[in-house]
Amino acid sequence: QPAQEPEPAPVPSEPIVYRSTWAWPTRIDPAVGSDGSSTAAHPNLYNSLVRITPEGVVGPELAESWTTSNEGMTYTFTLRQGVMSHAGNEITAEDVVFSMDRLLGMGEGLAYLFLPYIDEVTAVDTYTVQFDLLKSFGPILTVMPNFFVLDKDVVMENIAEGEYGDLGDYGKEWLMTHDAGTGPYKVKEFLLEEKLVMEKYEDYWGETLDVEGFKFVENAPDIMEMIGTTEPITVRTMMSRMELERTDSWQPIENLEEMVQTEGVEMIGEVGTSLLNLMMHTNKAPTDDVHFRRAMVYAFDYETVVTDIFPHTTLVKGVVNEVLPGYTPDLEPFRRDLDKAMEELEQSVYYDQLDEIEIEIHWCAEVPAEERISLLFMDNMADLGISVKIVKEPWLSMIETMADPELSPNVVVVYNSVHFPEAGGDLMRYHSESAPTWEQNEWLLDETLDQMIEDALGTVDQAERFEKYGEIQEYIYDVCPTIYVLQTTTLRCVQDYVDYPYVEYGEQVSGFVYKVPLGFRTYYGLYTGVNQP
Amino acid sequence: MNTELMKERWRRNWYKFSRNPLSILGLAVVLAIILIAIFADFFAPYPEHAFVFVDFKNAKRPPCWQYLCGTDMAGRDILSRIFFGFRYSLVMAVSVLSVATPPGVLLGLVAGYMRDTWVDIAIMRVADVFLSVPSMVLALAVCSMLEPTLYNAMLAVTVMWWPWYTRLVYGAASSIKNEYFVQAAEVTGASTFHILFGEIFPNCLSTIFTKMTLDVGWVILIGSTLSFVGLGAQPPTPDLGTMVSDGSKYIPAQWWISLFPALFIVVIILGFNLLGDGVRDMLAGD
Amino acid sequence: MMSEMIVDIRDLYVNFNIYEGVTRVLNGVNFRVAKGEKVGLIGEAGCGKTTTVKSIMKILQMPPAEVMGGEIYLEGLDVLKMSQRDLQMMRRKTVSMIFQDPTAALNPVFKVGDQIGDIIKYNQLALGNKISKEEIHEKTVQVLKEVQMPDPERLMNSYPIQLSGGMRQRISIAMALVSATNLLIADEPGTNLDVTIQDQVLRLLGDLVEDRGTSIILISHALGAVKGLVDRVYVMYAGSMVEAANTEDLFSDPLHPYTKALFKAVPKLTGGGIPMGIPGRIPNYLSPPTGCRFNPRCSHAKPECRENAPPFYQVGDGHEVACYLYGGQ
Amino acid sequence: MSKEIVVVKDLKKWFDTDEGIVRAVDDISFTINEGETFGLVGESGSGKSTTAYTLMGIYTPTAGEISYKGMDISMGIKQRPLSLKKEMQMVFQDPGSSLNPKRSIEQIIELPLQVHGIAKDERRKRVIELLQMVELPEDYLDRQPTKIGGGEKQMVAIARALATNPTFVTLDEPTSALDVSMQAKIINKLIEFQETLDLSYLFITHNLSLMRNVATRVGIMYLGKLCEVAPTGTFFSKPLHPYTKMLLSSIPVITREEEAVKPDKVVSMGEIPSPVNVPSGCYFHPRCNECTERCKREDPPMVEVEPGHFVKCHTLSE
Amino acid sequence: MNIKKYVAYRLISSFFVLFGLSLLIFSLSRLVPGDPARLALGPMAPQWAVDKLRAQLHLDEPVYIQYIYWVTNVFRGDLGQSLVTRRGVFNDIFEFFPATFELVIFSVILSTSLAIILGVTSGKYANSLWDNIVRVTSYVGIAIPSFVWAIMSVFIFGYLLRWFPTLGRLSSGVVMPTKVTGLLLVDSLIAGRLGVFRDAFYHMILPGTSLVISRLAQEARITRASVVENLHKDYIMAARSFGIPERTITLKYLLKPSLIPTVAIMGMDIAGSMGGSFIVETIFNWPGLGRYGMSAMLSNDINAIVGVVMLIGVFFAFMNILVDLITAYLDPRIMMKLRGG
Ligand SMILES: Nc1ncnc2c1ncn2[C@@H]1O[C@H](COP(=O)(O)OP(=O)(O)OP(=O)(O)O)[C@@H](O)[C@H]1O
Ligand SMILES: Nc1ncnc2c1ncn2[C@@H]1O[C@H](COP(=O)(O)OP(=O)(O)OP(=O)(O)O)[C@@H](O)[C@H]1O
Ligand SMILES: [Mg+2]
Ligand SMILES: [Mg+2]
């Protein structure tokens with residue numbers, strides 16, 4: 001007789017399930033994961049010390065309050081008392097120290113945001129923790145939401161043999177499929193390569209401690225499923241069958257537009273902070289000539305991008321995304337102007353060798369729409385008599401190519417996202433340190449600029465800092481290293497029975513409403529209600 | 001050889017080949033594909049659409065009189081791209097087979113003739129290593145480690161392909177080697193070279209040839225599969241597999257973008273398979 | 001008339017449709033076997049012996065074969081007009097055949113006991129008996145013993161490939177014996193065997209039919225074997241019978257030029273050098289010679305031989321010959 | 001007595017197979033004299049072909065010696081000098097498979113000439129000459145072997161064997177795949193060549209009647225061993241070995257005269273054992289009706305019962 | 001050679017072949033340019049973390065030393081760490097393999113049984129209308145690459161007709177049965193949960209058929225050819241001449257020998273399905289080895305690639321031996337050959 005495994009006991013009312021698709025892999029260890037789906041999971045499983053509030057300012061989370069001293073070199077956080085982890089342990093300063101040590105010690109994931117700045121973290125007492133910086137870093141608090149606190153005891157219970165001495169593997173293997181957090185959700189089931197299922201943590205400290213802004217909304221999902229697929233036909237099928245509440249952000253616009261036809265499905269555009277750029281190699285012929293670059297910048301057909309390739313996106317007005325604090329509106333945006341382009345080209349040293357020149361443009365194999373950008377680019381450049389070779393490259397190999405000035409192509413199509421939500425978070429990629437990474441294909445290697453960036457980032461006072469950001473933007477505008485194609489808008493489809501709190505933003509284009517998700521983060525249980533039909 | 005006899009041979013072969021109407025269909029399809037591939041510039045309604053071309057105003061047009069198979073996301077005529085795609089499919093098949101076959105056959109001949117010696121063991125064990133995982137898996141693995149280009153995909157498939165010929169010829173050679181005519185040549189004192197190429201090889205030819213015609217389809221299939229997963233030909237090369245793969249993201253709305261290339265992949269493979277079967281019928285027992 | 005005929009083939013014509021065209025193989029075959037009679041059928045390779053006997057059982061592969069004319073009576077019934085059911089009944093209980101190549105005629109993937117068992121089952125069914133597994137087993141063992149197989153219980157569980165050629169041939173005989181009560185057709189039994197083993201097999205076959213009084217048609221290239229076993233011999237050449245006679249008569253006094261040449265071509269154990277053989281070759285069935293098909297190779301050929309095929313002439317007691325040389329007598 | 005051309009002494013050829021050691025040829029000795037036809041008879045699997053192949057060098061002997069005109073040739077074909085290959089030739093059993101179906105008759109007959117360094121224009125002349133010798137029309141030169149009859153194929157094979165003017169030819173059942181009249185034609189041709197070209201033959205067959213008419217001396221093989229060797233006349237008139245008697249009495253014959261020369265009927269019984277599991281003592285004892293205890297234990301030696309007549313049987317060595 | 005010896009021989013020679021395979025794939029994976037450690041940690045990771053990972057993977061040492069490390073670890077059941085999932089490759093494979101195994105076995109059973117039915121009926125009635133239908137369809141079937149079929153079937157049966165689910169192994173919300181074998185069809189039965197069984201079965205249909213379509217056609221063709229060939233064998237004629245009924249002849253005397261070539265290529269088929277699973281699992285989001293392998297390949301996860309290829313090699317070798325034994329069972333002639341006949 002087969003042992004009768006009871007069908008899971010029917011709960012009085014159907015659990016509210018919220019399903020979304022994501023590009024895999026999802027690494028729920030906050031010291032490891034850094035990509036879209038991982039960072040979407042982290043704030044639901046874990047908490048940070050501070051967060052960006054719906055109003056867009058830094059607000060308390062695990063830390064109730066904080067102070068700055070020592071000219072911005074020391075930050076002291078006072079922790080909220082009585083915060084219990086999923087395992088039932090209280091979160092103390094020691095856990096914070098452990099979590100930061102772990103993040104820095106492993107050096108993976110988002111550690112790069114902290115490694116250059118954080119010197120030491122110490123527990124002053126049970127509820128006080130002190131961060132000593134290596135150098136002054138003005139926007140540090142806007143970066144802090146990327147640091148998540150783990151329950152040290154749980155991690156230590158689950159360490160396996162590994163390369164970190166006494167700390168074994170730092171709990172890495174276990175944390176890949178389990179959580180040690182305090183967040184509103186906890187891991188229910190983690191199916192590798194398939195899906196992550198999280199369930200509502202009823203004893204979330206926001207509820208138990210009765211903290212405003214950290215309580216579940218009405219009809220908060222009981223179950224959260226993050227499904228690892230982006231296959232358009234599959235996603236579309238699931239949406240139409242109401243097997244999915246929200247799509248991933250990788251769906252081609254055509255697919256989204258089709259999905260919207262289904263009743264009850266609506267498309268939302270989450271205005272992003274990143275840019276789609278064509279980065280030009282300023283240390284490689286012929287893009288090492290500023291006139292040549294300007295010619296290209298003026299020849300590119302920006303309008304076609306937003307009308308035909310990426311509808312519902314907006315053009316860049318300057319050198320950073322206009323939603324970022326610290327953006328300067330003073331710069332005249334580049335638009336297609338063939339006359340100007342020809343003018344610039346004539347000034348270029350390469351003007352009489354155009355026949356011999358071939359520019360290589362690389363695009364990322366994982367983002368098919370980039371092919372069209374490349375094709376458009378090629379077409380536009382042909383108007384100037386510049387021939388272009390298009391190369392499709394998988395992201396991983398692209399990273400390698402861009403790390404080497406010799407291999408780096410003349411032009412690369414890349415999405416650049418910000419390290420922290422300020423203009424500086426984008427501008428810092430022009431620093432020489434970023435040159436050998438995928439963040440900068442421009443190879444500017446400009447010491448003056450490096451100086452300006454370091455100075456700006458080290459400024460604690462916000463107004464002063466923003467002013468310095470403005471100067472940097474003007475400087476870069478002159479060098480003209482990048483063709484700023486567009487400001488991203490993350491388009492998704494959602495079922496209309498899901499409530500999202502959004503801030504509406506910007507002008508309306510063809511009846512489509514742009515929205516900014518509050519706090520640049522999706523805290524599902526806190527913001528999202530689902531009324532399953 | 002006597003021309004009359006040759007003519008008779010051809011007549012007989014043609015009879016055997018044409019007994020199955022499907023073989024003729026296969027031949028017709030293959031001939032059409034070859035012609036179209038060679039004269040793609042002539043047959044394609046919009047030859048300039050094959051590679052780099054953008055016309056966003058005409059993008060995503062469903063099939064119509066102007067664009068028989070519709071246009072893709074960049075406004076390129078799909079039929080034109082398919083016609084040029086034949087070229088790549090054929091180039092792939094021809095180069096893979098013409099590179100993989102000679103060494104494969106040679107090794108098979110040598111190993112078969114020297115059966116049960118260390119030469120045989122060395123050659124066949126190496127071939128076995130290549131045959132010890134499904135060829136698709138090995139091709140994927142090799143491709144993934146190289147830079148994804150059509151050239152590298154061909155290289156990977158070629159590397160996968162030779163052992164099949166080695167094994168095929170090995171089987172044939174090691175049995176032909178026991179035929180009396182080989183022993184007669186040995187008794188006469190003929191050289192090993194003569195025995196391998198003068199006596200054994202001609203008798204393996206029809207087997208090899210049959211496999212080659214059938215293999216054209218398989219190579220194209222593997223090539224398009226590699227392109228499909230992004231390890232083969234790269235855009236804007238009008239490669240059928242790549243077109244299916246890219247277009248599949250727009251199913252079902254713009255179904256024609258991947259459907260037509262997919263359909264033509266099926267047609268090519270079908271054509272070569274039918275032809276291959278005809279060739280097999282023709283050469284069988286000859 | 002003579003005693004009752006078990007097989008009576010009249011003017012049988014069989015063609016094969018092949019790539020090159022139509023081969024006209026059987027060209028008016030007349031062939032009779034009386035009840036209880038043992039008949040031999042001899043002739044060069046490819047002259048249509050197997051085709052003749054296969055058509056008696058109606059197991060010619062059609063297409064390519066096609067019966068163009070003639071009748072085949074088996075126990076008085078026309079095989080060519082028989083219903084599928086009757087045909088099956090007839091095969092189950094009246095007549096059976098030992099195939100030329102026992103290796104090919106045994107299913108390689110079934111145990112021999114199994115194969116014999118099925119034949120017994122359907123033979124008994126045809127006779128109206130239901131038979132149990134045990135009885136089948138018993139009968140199988142019994143028939144294997146009859147064909148002098150050592151250790152029948154073990155052999156029943158063997159596959160054909162595990163047996164030697166002689167054993168396979170004996171299995172074939174056993175299979176034929178269990179189903180045939182009236183007529184046994186043996187197509188070159190023992191041709192593929194060694195002389196000493198062939199001798200054993202043929203002797204066994206002779207004894208068995210003797211005991212049962214079964215009629216037999218024996219085809220063999222080993223003329224000596226035919227001579228030792230049968231009562232009457234038909235000589236066949238290129239699709240028709242050229243001579244028929246009692247065994248003694250035929251071997252002591254062959255009449256047809258073909259028969260004579262055939263006998264002469266066999267090297268003799270007594271020595272005396274190698275004979276010259278029959279000049280020429282067996283005709284191409286695509287365009288066989290008109291008239292007597294032997295005429296191109298015959299030293300006595302006359303113009304009339306090229307025009308019409310000679311009928312059977314009676315020469316002496318039961319000695320018939322299809323040759324104009326004897327037309328006058 | 002005429003000169004010995006081939007001397008085989010204590011020749012063994014064993015094959016190591018998965019099943020065990022196959023003693024295909026086990027300790028046989030015989031000689032072939034110049035200009036004679038030495039017949040080797042025996043049932044299938046008795047090792048006739050293996051003997052021939054070993055003689056030709058296709059197999060290297062496991063033990064024993066072979067000499068040709070006094071020269072030791074117990075080595076493989078690759079080691080043998082080219083000149084030797086010119087003198088020793090072979091005709092195979094199956095004419096269908098001994099000619100490469102993909103080569104023309106001309107190419108086939110030309111090969112030995114080419115190998116032995118005959119100039120190109122001379123070769124063609126010689127090929128035509130050879131074709132005439134075997135009475136084949138000249139237009140066969142361009143034919144494929146698949147398009148001609150079996151007997152003709154064997155004629156081509158013979159022409160090829162004779163191309164280099166050999167002195168010794170091994171004929172491994174050259175006519176067993178052909179019908180009697182073709183057989184007669186070919187054998188007659190072979191005898192004619194032997195006379196005109198002064199050839200020595202090793203003639204292998206299982207057809208005793210044929211052997212009677214062709215061979216000068218006959219050796220009879222059973223399970224890898226020679227059991228009786230005698231001049232043809234003696235052999236048929238006075239067979240001594242029980243196996244020879246059984247064999248002779250099993251031959252189907254058609255005339256009374258032949259019946260008369262056959263020995264008294266020796267009823268054949270038993271199966272031929274496999275050469276892997278050979279019986280102890282005398283190999284033939286399980287089928288022998290004169291078998292004694294000694295036969296089961298000891299392998300009898302070969303004794304010369306009268307000049308040129310060797311028998312390997314205990315009943316005679318006593 | 002008896003069966004036991006034969007199996008032992010095959011196992012040993014497979015071992016050597018796999019050893020060769022490991023050399024091949026391992027050296028390929030290490031000689032190819034690119035720093036896997038950098039790829040694993042991402043572009044932003046500090047150099048020291050990359051160096052640490054390199055050291056941990058022994059990437060700094062000569063390839064043969066790396067290989068020695070790898071081999072010694074393999075014998076301890078350690079295939080190294082996946083750079084994508086960041087877990088032991090062995091654990092990953094262990095986790096993913098059952099899903100693929102279930103799919104492959106399902107598809108092989110489906111294809112073989114259908115192929116036999118189609119092949120036998122069309123071969124037996126060669127040149128009939130049915131035969132022609134089967135032949136033409138099988139030609140088309142052979143020519144459809146599995147990725148084309150997969151996409152089309154998602155579109156048609158998943159999207160348009162909505163007959164079958166197109167994603168994963170179970171519907172979302174369905175709780176996995178307790179893992180015993182990892183095969184959902186089996187585990188759900190063990191747990192006595194028929195609903196789950198049905199759901200799992202439903203999920204298997206589209207990926208299963210995509211995997212199978214061309215092989216099914218191929219096998220049907222082979223079966224048909226061998227039926228036609230055997231139909232005119234002497235032993236069938238002989239059986240007929242003994243008056244054995246036509247049905248017995250077809251289902252017994254004709255069927256068994258005709259199956260031999262079909263079964264003999266089953267090893268190749270399993271291999272083909274394994275290869276196809278890379279594509280099909282990716283399209284259907286089937287959490288199996290194929291998808292794992294595919295993502296490993298696309299992200300240059302060297303340890304995972306080597307691990308997956310080796311596992312498939314082992315599985316393939318094992319399956320081939322098994323298939324050979326089944327063939328030998330069906331065909332005593334082969335059995336005799338194994339025994340040295
Ligand atoms: N299935 C067939 N298809 C085509 N031709 C056939 C077929 N069967 C027999 N024949 C032809 O019929 C002729 C007579 O064949 P048959 O087998 O009856 O001769 P046979 O006298 O039995 O010869 P053998 O002594 O070689 O067995 C041959 O020329 C052969 O080519
Ligand atoms: N290459 C080989 N490997 C293993 N065994 C062999 C080989 N060649 C021959 N034998 C075995 O040696 C024995 C003698 O074979 P051989 O061919 O010499 O016999 P034969 O007398 O010529 O028989 P036949 O009359 O059938 O041609 C047989 O049992 C055969 O199976
Ligand atoms: Mg016959
Ligand atoms: Mg032989």
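Just so you know, these numbers come straight off a predicted model, no measurement behind them. Below, chains carry the letters A, B, ... as their sequence lines are ordered, and counting in each starts from 1. When reading the values below, keep in mind they use all heavy atoms of this one structure, side chains included, and skip hydrogens, waters and symmetry mates.
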Is the CH2 atom of B:Trp161 crowded by more than 12 outside heavy atoms at less than 6.0 Å? yes

Going from CD1 on E:Ile142 to CG on B:Leu221, what distance comes out if it is rounded to the nearest 0.5 angstrom? 11.5 Å

Contact class of E:Tyr139 relative to chain B, heavy atoms under 4.5 angstrom: both

Please classify the contact between B:Leu270 and chain E as side chain, backbone, both or neither, with a heavy-atom cut-off of under 4.5 Å. both

Inspect the surroundings of CZ in E:Phe97 and state if more than 12 heavy atoms from other residues, nucleotides or ligands are less than 6.0 Å away. yes

Got B:Val229 and E:Thr282 here, is their nearest side-chain heavy-atom distance under 4.5 Å? no

What's the shortest heavy-atom distance between B:Leu131 and E:Phe316, and which atoms? O-CE2, 3.2 Å

Tell me whether the count of non-hydrogen atoms from other residues, nucleotides or ligands lying under 6.0 Å of CZ in B:Phe209 goes above 12. no

With a 4.5 Å heavy-atom cut-off, do B:Ser245 and E:Phe147 have their side chains touching? no

To the nearest 0.5 Å, atom CD1 of E:Ile151 lies from atom CG of B:Leu259 at 10.5 Å

What option among B:Ser224, B:Gly217, B:Gly241, B:Gly230 has the most heavy-atom pairs under 4.5 Å with chain E? B:Ser224

Under a 4.5 Å heavy-atom cut-off, does chain E meet the side chain of B:Phe130, its backbone, both or neither? side chain

Are B:Asp277 and E:Arg135 ion-paired here, with the side-chain N under 4.0 Å from a carboxylate O? no

Note: vs chain E, highest number of non-hydrogen pairs under 4.5 angstrom among B:Ser135, B:Pro261, B:Ser132, B:Ala262 is B:Ser132

Just give me the residue among B:Thr225, B:Leu22, B:Asn273, B:Val244 that pairs up with chain E most often, heavy atom to heavy atom, under 4.5 Å. B:Thr225

For E:Ile312 against B:Pro134, the heavy-atom pair lying closest together: CG2-CD, 3.5 Å

What are the two closest heavy atoms between B:Val137 and E:Met297, and how far apart are they? O-CE, 4.0 Å

Just wondering, do B:Val266 and E:Pro145 contact through their side chains at under 4.5 Å, heavy atoms? yes

Heavy-atom contact with chain B under 4.5 Å, split by part of E:Ile279: side chain

Less than 4.5 Å apart, side chain to side chain, heavy atoms only: is that true for E:Leu298 and B:Leu231? yes

Reported OG-to-CZ distance for the pair E:Ser146 and B:Phe228, which is rounded to 0.5 angstrom: 8.5 Å

Toward chain E, the part of B:Ile220 with a non-hydrogen atom under 4.5 Å: neither

Per-residue contact mode, E:Ile305 against chain B (heavy atom under 4.5 angstrom): side chain

Could you state the interatomic distance from CZ (B:Arg125) to CZ (E:Phe16), rounded to the nearest 0.5 Å? 11.5 Å

Answer key: most heavy-atom pairs under 4.5 Å with chain B among E:Ile270, E:Leu21, E:Val148 is E:Leu21

The interface call for E:Met310 against chain B, heavy-atom contacts under 4.5 Å, is neither

